[in-house]
2 protein chains.
Amino acid sequence: MANQLGLSIDRSSPVPLYHQVVQGIEAAIHNGVLEPGSRLDNEIDLAAQLNLSRPTMRKAMDELVRSGLLVRKRGVGTQVVSSQVRRPLELSSLFDDLTNNGKKPTTQVLSFSHMEADAATLAALQLPAGSKVYHFTRLRKVGGKPLALMENWVRDDIATMDEAMLAAEGLYAILRRGGVNFRLASQRIGAMIANDYQAPLLEAEPGSALVTMERTAVDDTGRMVETGHHVYRADSYSFEMTLVQR
Amino acid sequence: MANQLGLSIDRSSPVPLYHQVVQGIEAAIHNGVLEPGSRLDNEIDLAAQLNLSRPTMRKAMDELVRSGLLVRKRGVGTQVVSSQVRRPLELSSLFDDLTNNGKKPTTQVLSFSHMEADAATLAALQLPAGSKVYHFTRLRKVGGKPLALMENWVRDDIATMDEAMLAAEGLYAILRRGGVNFRLASQRIGAMIANDYQAPLLEAEPGSALVTMERTAVDDTGRMVETGHHVYRADSYSFEMTLVQR
DNA sequence: CTCGTTCTAATGTCAGGACATTGAGCCGCA
DNA sequence: TGCGGCTCAATGTCCTGACATTAGAACGAG
């Protein structure tokens with residue numbers, strides 16, 4: 001591996017070559033092998049160094065440019081962008097985010113029912129009249145401190161669930177195990193004042209600030225899978241994201 | 001143009017072929033020629049119909065998949081996703097968003113100075129000690145109603161600006177005219193309670209909810225260009241976005 | 001009639017080449 | 001000395017071809 005990046009490619013791996021390159025360059029950037037602002041060798045040379053074709057190398061670099069780690073300039077070259085880049089907001093659940101950060105969230109199921117959907121839910125999930133959905137509210141705590149109050153509606157023809165499952169793991173984990181491949185979600189983030197119902201549950205003063213989030217998630221077959229209204233304590237939670245110009 | 005999409009491509013146009021295809025399919029989806037959930041012809045046929053090679057066709061479809069308009073399933077085919085998809089949160093300014101929606105925002109510059117940056121600003125913009133920045137606060141109204149209170153710090157070695165310019169147009173428009181090509185921005189969205197300074201300016205009650213946003217924007221050379229703290233009236237503004245699973 | 005196997009069609013990956021376009025620096029000419 | 005044109009190197013676009021992998025349908029045997 002006599003190359004600039006100090007990485008080698010395993011052609012027997014089931015991981016696609018271009019993806020190995022993506023991971024390799026990401027690692028090189030985070031390890032400091034590639035410093036922010038430094039120029040990479042040109043595509044042709046890099047491909048030759050790794051015994052890859054230029055399209056493969058280019059596809060890898062495309063992904064990195066899209067994710068904002070690299071910047072290409074025609075006629076000039078490719079540079080590492082000034083780092084400090086966090087990962088873009090991903091399609092995941094709060095539960096996953098917390099466990100990935102080493103936290104140990106607990107979930108308390110406040111209500112749970114399997115019922116016929118009302119008109120608003122039918123519209124949000126684009127379901128035919130008379131469809132049944134799961135409807136539940138959960139309170140999530142971290143370190144014993146309340147963080148989020150979540151109300152969700154989930155179509156019932158994908159996975160079965162009950163209170164015990166929701167108390168033990170995240171909603172998205174349950175759905176994924178039921179075979180759902182999430183593709184996209186539209187969400188809206190805003191703010192509100194804690195009302196008399198929310199405040200005691202979140203152990204906050206009535207009148208304190210809450211972050212609100214409404215989300216509807218779509219799977220790879222185009223089905224609307226779940227929709228929910230969440231509120232978070234503003235002093236404990238905020239949404240961080242990285243926007244990339246296309 | 002004997003093809004499924006009812007589009008034809010212009011090989012003499014300076015617009016890349018794959019991009020013409022992207023625009024064509026987007027138009028077909030929005031016009032209803034391609035209905036949500038319908039299957040597209042396979043890549044090979046589509047390419048043949050348009051007299052394109054498969055990689056070119058594929059590159060176009062890649063973009064549409066990334067933006068969430070199409071869904072590919074290996075061994076099966078490609079489908080139009082269930083629409084209802086808004087555009088993902090883009091890297092733009094509030095001013096642009098409002099004017100694009102037909103609104104006529106007005107800006108009132110509350111303070112403006114060109115001064116040496118404090119420690120926090122130096123860190124946020126990664127500037128050397130002693131650098132000077134523009135610092136200003138603006139109040140933005142729509143239809144005479146206050147919407148946002150914005151405080152920004154901008155490095156001064158890119159574009160020159162003054163109060164009059166800021167009152168007349170958006171910050172990003174000024175910077176773009178100065179040659180800045182924005183690449184990415186990291187931002188954090190949260191909530192807070194209006195304090196005694198903010199409430200009268202926004203014509204809101206002290207104690208009402210505000211949406212907060214902190215953003216730092218980076219240009220294509222990796223420079224941190226601007227950073228800002230914004231607050232919005234929660235009853236008038238929220239952040240809408242579409243997340244795409246990678 | 002049911003279940004497992006095979007087959008097929010579609011996307012996923014990869015190679016190698018050709019030419020266009022752009023930016024920047026070099027060089028010569030006025 | 002200044003300025004314009006030229007050259008070169010890099011990315012941008014597009015092509016042809018090949019094989020791998022997968023999901024689903026068709027088919028066969030029990």
Side-chain angles (χ1 to χ4, degrees), chain A residues 4 8-25 37-66 69-81 179-181 183 219-222 246, chain B residues 4 8-25 38-66 69-81 179 181 183 219-221 245-246:
Chain A
Q4 186 198 18
S8 54
I9 300 293
D10 176 9
R11 298 190 83 92
S12 67
S13 159
V15 177
L17 302 183
Y18 70 84
H19 198 250
Q20 292 184 38
V21 176
V22 169
Q23 293 175 325
I25 296 183
S38 62
R39 274 234 322 283
L40 272 70
D41 291 349
N42 69 56
E43 298 173 352
I44 314 264
D45 287 352
L46 277 178
Q49 288 170 21
L50 296 172
N51 279 96
L52 296 171
S53 71
R54 187 184 163 211
T56 302
M57 192 66 215
R58 217 179 135 68
K59 172 152 185 166
M61 295 172 73
D62 267 344
E63 289 213 7
L64 292 163
V65 169
R66 272 206 312 277
L69 255 57
L70 297 182
V71 169
R72 278 200 282 229
K73 283 190 162 179
R74 190 178 191 148
V76 179
T78 305
Q79 282 187 329
V80 180
V81 83
V180 176
N181 298 305
R183 256 324 105 138
D219 79 352
D220 58 358
T221 65
R246 292 184 302 179
Chain B
Q4 187 199 19
S8 54
I9 58 173
D10 175 9
R11 298 189 83 93
S12 68
S13 159
V15 177
L17 302 183
Y18 69 85
H19 199 252
Q20 292 184 38
V21 176
V22 168
Q23 293 175 324
I25 296 183
S38 63
R39 275 232 323 282
L40 271 71
D41 289 350
N42 69 58
E43 298 173 352
I44 315 262
D45 286 353
L46 276 178
Q49 287 170 21
L50 297 172
N51 280 96
L52 296 171
S53 71
R54 189 184 161 209
T56 302
M57 192 66 217
R58 220 180 132 68
K59 173 151 184 165
M61 294 172 73
D62 268 343
E63 289 213 8
L64 292 163
V65 168
R66 273 205 310 278
L69 254 57
L70 297 182
V71 168
R72 277 200 283 227
K73 280 190 156 182
R74 189 174 190 152
V76 180
T78 304
Q79 283 187 326
V80 180
V81 84
N181 297 306
R183 256 324 106 140
D219 79 352
D220 59 358
T221 65
Q245 180 79 342
R246 291 185 304 177

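We name chains A, B, ... by the order of the sequence lines, and we start the count at 1 in each one.
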Which atom pair, heavy atoms only, marks the closest approach of [X] to [Y]?
{"X": "B/R54", "Y": "B/I44", "answer": "CD-CD1, 3.6 Å"}
{"X": "A/V76", "Y": "A/R39", "answer": "O-NE, 4.1 Å"}
{"X": "B/I9", "Y": "B/V21", "answer": "CG2-CG2, 4.4 Å"}

Checklist outcome for this item: CZ of A/R58 to CG of A/L52, rounded to nearest 0.5 Å, is 15.0 Å
Checklist entry - Do the side chains of A/L69 and A/I25 get nearer than 4.5 Å, heavy atoms only? => result no
Item to check | Side-chain touch B/V65/B/V71, heavy atoms, less than 4.5 angstrom | outcome: no
Next on the checklist: Using whole Å, what does the distance between atom P of nucleotide D/dG12 and atom CZ of A/R66 come to?
Outcome noted: 13 Å
Checklist entry - Which whole-number value in Å describes the distance from A/Q79 CD to C/dG23 P? => result 15 Å
Next on the checklist: What does the B/S/- profile of nucleotides 10-20 of chain C look like, 5' to 3', with a 4.0 Å heavy-atom cutoff to protein?
Outcome noted: BBBBSBB-B--
Item to check | Donor-acceptor contact below 3.5 Å, side chain B/Q20 vs main chain B/D10 | outcome: yes
Checklist entry - Given the rule in the side chain to side chain contact (heavy atoms under 4.5 Å, CB included) test, do A/K59 and A/T56 qualify, once you have shown the distances and angles that lead to the verdict? => result CA-CA 5 Å; A/K59 172 152 185 166; A/T56 302; 5.8 Å; no
Checklist entry - Paired stems touching DNA chain D, three or more consecutive Watson-Crick or G-U pairs with both distances under 3.5 Å? => result C:1-30 with D:1-30
